[in-house]
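These notes are about the structure you will find just below.
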Amino acid sequence: MSATVASESCFLSALQPNTAVTTYAVPSDVQLGPRGSIMDEVERAKRVQQQVHLRLAEKRSSSLTRLNGSNCISPGGQLIIHFSLCAILEIMHSLDMPTAVNYLSMSDTAMQVLGAAYVQHQCYHSSDAKNQVRLLKGVPALVQLFSSDSQEVQRYATGATRNLIYENMDNKAALIEAGGVAKLISVLKEPDEELRKNITGILWNMSSKDSLKEKLARETLSELTERVLVPLCSGVDSELIRQSPSEADIFYNTTGCLRNLSSVNERTRQQMRDMRGLVDSLVAYIQNSLQDEKAEDKGVENAVCVLRNLSYQLYSEIPPSTLLRLEGPTRARATTETESIGCFTPQSKKAKERQNQELSTFSEVAKQPKGAEWLWHPQVVGLYNRVLQHYETNTATREAAAGALQNITAGETRWASVLSWVALEQERMLPVVLDLLQTQSDQEMRSLTGLLRNLSRHSRNKDDMATKVVNILVTKLPSDGHQKEPSSEVVVNICGTLNNLVAGSSLAARDIAFFDGLPKLVAIKSSHDNSSGKLKAAKAASTVLFNMFQYNKLHKDYKQVRYYIFMEVNFSRGP
């Protein structure tokens, strides 16, 4: 698994004034008279203030759409206002940034709205404006408005901040220095959905920077889980989750933030695994979305990615007591008995039946998983399997599910073997995984072939698996080591899968030769540049060839494809 980070994007949109309402003209500079004196500036500010109040009064009396209510938001990114208030638009044209920042500290809420709206608008398209606001000490002023008694002020202040920090690390640092994160978290208790969308959007934006992730996790995880994630993933009927469009945006922002935080380090991953309600909520949301067939739901993509990240290095990071329980009390004895169970050989029917019977009990885990136990519970294999089958058009979601399966089947632990058995025997996932190898996404291919490599390692019937996968995998191999696609990581995974099968099955070696795999393996080994990835692929191919050569009875088959002499010379002394 590779740490996964959410992308930042923006939706461009034009300002849309509402032409059905009366506008109040703002006096021009000429009408205001000569500039320069204090009284002139005071008079000008008063006139501007009057126009704002008039327009806001009309808005309230005619029940127009509330300020900031029709914003076009870009999750994790910037926000632009669809103004229906023509007067405020005209007023903004007469402002400059120092004046707007000054308005933020005035006591009049209408002026605070105007100042924040101007900052929001200017910072949408101008990096210089973002820097200017910071230099004018506008960030602390905005932070103070987060806890305003006016929700309009709160919406505009958070909307301005969202644009202000977008792709600007200095402003993100200034927001933290001003205590902005703590203020944002405290405002999450407010029921206003527009405000919560802005706050969660800011936090998602902040979480994209590695240097901020651990601090953000400490300050936000508990509140985001308790105030946003759990409520949005619960209902009167526990199997039915219904979200409004605004709630869906809030969930998307929140899970985008969690997706980033879960990629930073072991300490934060463990904190998230231990967070009450976090894993359960993500699983519930995925289950509900599968039930409702929400194939394009971006929230599901984030949720599956978080679970994938939390399953990274799972068996080395979960508590030792948990790992000991999963390994079972007779793990050491069972390991030695795999060579001979009583009077039965490893491949005998009764030995297999006994092993399968042990696997089917799952006495190490609860019947119904809770919390972090979902990450390694046999039921989660079925959940990922359904994601792979139902999200036909969402490559990122499928890749995350395959990556999670790859993580929980990795290594030589007993439980990795148990979950591999669940995938192969209970869920019958092999045909699903093989069908998905038609993907054009190399990232998805890495996870799928990595999963196959793990499954082939733990497969108890390598002859059967070989007959199903060798032909397909050989067709995916490049003709030589110079081809750019598939990537070297995919080639290494395919060779690793083939080698696992060859090591336990002569049928695998026979089929590799039969399906013209020898020319490809030899070319990958011999013809390549000296890059790190290509050298790893060459070594992997060499190992497969060496183990194939160990089957003396197949040498005649290798001769038929004219690669026996090459193999004899190169592998009689080892790879």
Do you know the tightest heavy-atom contact between Pro319 and Gln270?
CD-NE2, 4.4 Å

Paired with Ser505, the side chain to side chain donor-acceptor pair (under 3.5 Å) test is passed by just one of Asp463, Asn500, Asn461, Asp511, namely Asp463

Given 3.5 Å as the limit, does a donor-acceptor pair link the side chain of Asp280 with the main chain of Lys370, or not?
no

Within the side chain of Ser459, is there an N or O that forms a donor-acceptor pair under 3.5 Å with the backbone of Ser456?
no

Do Leu405 and Leu388 have side chains that approach each other closer than 4.5 Å (heavy atoms only, starting at C-beta)?
yes

Return the CD to OG1 distance between Glu247 and Thr254, rounded to the nearest 0.5 Å.
11.0 Å

Step by step, would you call Ile512 with Leu473 a side chain to side chain contact (heavy atoms under 4.5 Å, CB included)?
CA-CA 9 Å; Ile512 290 174; Leu473 291 183; over 6 Å; no

Side-chain donor or acceptor of Arg398 paired with backbone N/O of Glu392 under 3.5 Å:
yes

Looking at side-chain heavy atoms only, is the closest gap between Met548 and Tyr558 below 4.5 Å?
yes

To the closest 0.5 Å, what do you measure between NZ (Lys534) and NE2 (His528)?
10.0 Å

Do Leu278 and Leu229 come close enough that some side-chain heavy atom pair is under 4.5 Å?
yes

Please check this pair: side chain of Ser208 against backbone of Asn205, looking for a donor-acceptor N/O pair closer than 3.5 Å.
yes

Set of side chain to side chain donor-acceptor pair (under 3.5 Å) partners for Arg227, sequence neighbours left out
Glu223

Are any non-hydrogen side-chain atoms of Ser246 and Lys197 less than 4.5 angstrom apart?
yes

Looking at Ser542 and Ala538, would you say the former's side chain and the latter's main chain have a donor-acceptor pair under 3.5 Å?
no

Could you tell me whether the side chain of Asp442 and the main chain of Ser487 form a donor-acceptor pair under 3.5 Å?
yes

Tightest non-hydrogen contact, residues Glu373 and Ala366, listed as OE2-N, 3.3 Å

Any chance CD of Gln368 has more than 12 other-residue heavy atoms, nucleotides or ligands included, within less than 6.0 Å?
yes

Less than 4.0 Å between a side-chain N and a carboxylate O, is that true for Arg308 and Glu399?
yes

Among Thr439, Val433, Val432, side chain to side chain contact (heavy atoms under 4.5 Å, CB included) partner for Leu436:
Val432

Any chance you could lay out the side chain to side chain contact (heavy atoms under 4.5 Å, CB included) test for Tyr551 and Val502, step after step, and finish with the verdict?
CA-CA 9 Å; Tyr551 292 105; Val502 167; 4.0 Å; yes

Decide, yes or no, whether a salt bridge links Glu193 with Arg196 under the criterion of side-chain N to carboxylate O below 4.0 Å.
no

Heavy-atom side-chain proximity of Thr268 to Lys213 below 4.5 angstrom
no

Would you check, one step at a time, whether the test side chain to side chain contact (heavy atoms under 4.5 Å, CB included) holds for Cys495 with Val491?
CA-CA 6 Å; Cys495 289; Val491 175; 4.2 Å; yes

Does a side-chain heavy-atom distance below 4.5 Å link Tyr252 with Asn302?
yes

Where Leu419 and Pro378 come nearest, the two heavy atoms and their spacing:
CD2-CA, 3.9 Å

Flag the pair Leu224 / Leu188 as yes when at least one side-chain heavy-atom distance between them is below 4.5 Å, and no otherwise.
yes

Once you round to the nearest 0.5 Å, how far does CG of Leu310 lie from CD1 of Ile318?
13.0 Å

Begin with the C-alpha distance, continue with both residues' side-chain angles, and end with the deciding distance and a verdict on side chain to side chain donor-acceptor pair (under 3.5 Å) for Thr409 and His458.
CA-CA 9 Å; Thr409 58; His458 297 297; over 6 Å; no

I'd like to know if Asp516 pairs up with Lys520 as an ion pair, taking the criterion as any Lys NZ or Arg NE/NH1/NH2 lying under 4.0 Å from an Asp or Glu carboxylate oxygen.
no

Smallest heavy-atom separation, Leu326 atom then Arg414 atom, equals O-NH1, 2.7 Å

Between Trp376 and Tyr315, ring centroids under 6.0 Å
no

How close do Gln243 and Ala248 get, counting heavy atoms only, and between which atoms?
OE1-CA, 3.3 Å

Check the surroundings of atom NZ in Lys367: do more than 12 heavy atoms from other residues, nucleotides or ligands lie under 6.0 Å from it?
no

What I'd like to find out is whether the side chain of Lys536 reaches to under 4.5 Å of the side chain of Ser488, using heavy atoms alone.
no

Scan Val469, Leu477, Leu452 and name whichever one has a side chain to side chain contact (heavy atoms under 4.5 Å, CB included) with Leu498.
Leu477

Under the 3.5 angstrom rule, does the side chain of Asn253 hit a backbone N or O of Trp204 as a donor-acceptor pair?
no

Output yes when a side-chain donor or acceptor of Glu444 lies under 3.5 Å from a complementary backbone atom of Gln440, and no otherwise.
no

Determine yes or no for a side-chain-to-main-chain donor-acceptor pair under 3.5 angstrom, with Glu214 supplying the side chain and Val264 the backbone.
no

Short N-O contact, Arg325 and Glu364, less than 4.0 angstrom
no

Dump the intermediate steps for side chain to side chain contact (heavy atoms under 4.5 Å, CB included) on Thr255 and Lys298, then the final yes or no.
CA-CA 10 Å; Thr255 52; Lys298 299 291 286 184; over 6 Å; no

To check you understand the geometry: which heavy-atom pair defines the closest contact between His555 and Phe549, and what is its length?
NE2-O, 2.8 Å

For Ser447 and Gln443, what are the C-alpha separation, side-chain angles and deciding distance, and is it a side chain to side chain donor-acceptor pair (under 3.5 Å)?
CA-CA 7 Å; Ser447 293; Gln443 188 67 33; 5.1 Å; no

Measuring from atom CD of Glu412 to atom CZ of Arg457, what distance do you get when rounded to the nearest 0.5 angstrom?
5.0 Å

Return the OH to OG distance between Tyr312 and Ser263, rounded to the nearest 0.5 Å.
11.0 Å

Walk me through whether Glu489 and Asn493 qualify under side chain to side chain donor-acceptor pair (under 3.5 Å).
CA-CA 6 Å; Glu489 186 174 342; Asn493 283 339; 4.8 Å; no

Rounded distance (nearest 0.5 Å) linking atom CD of Glu301 with atom OG1 of Thr397
4.5 Å

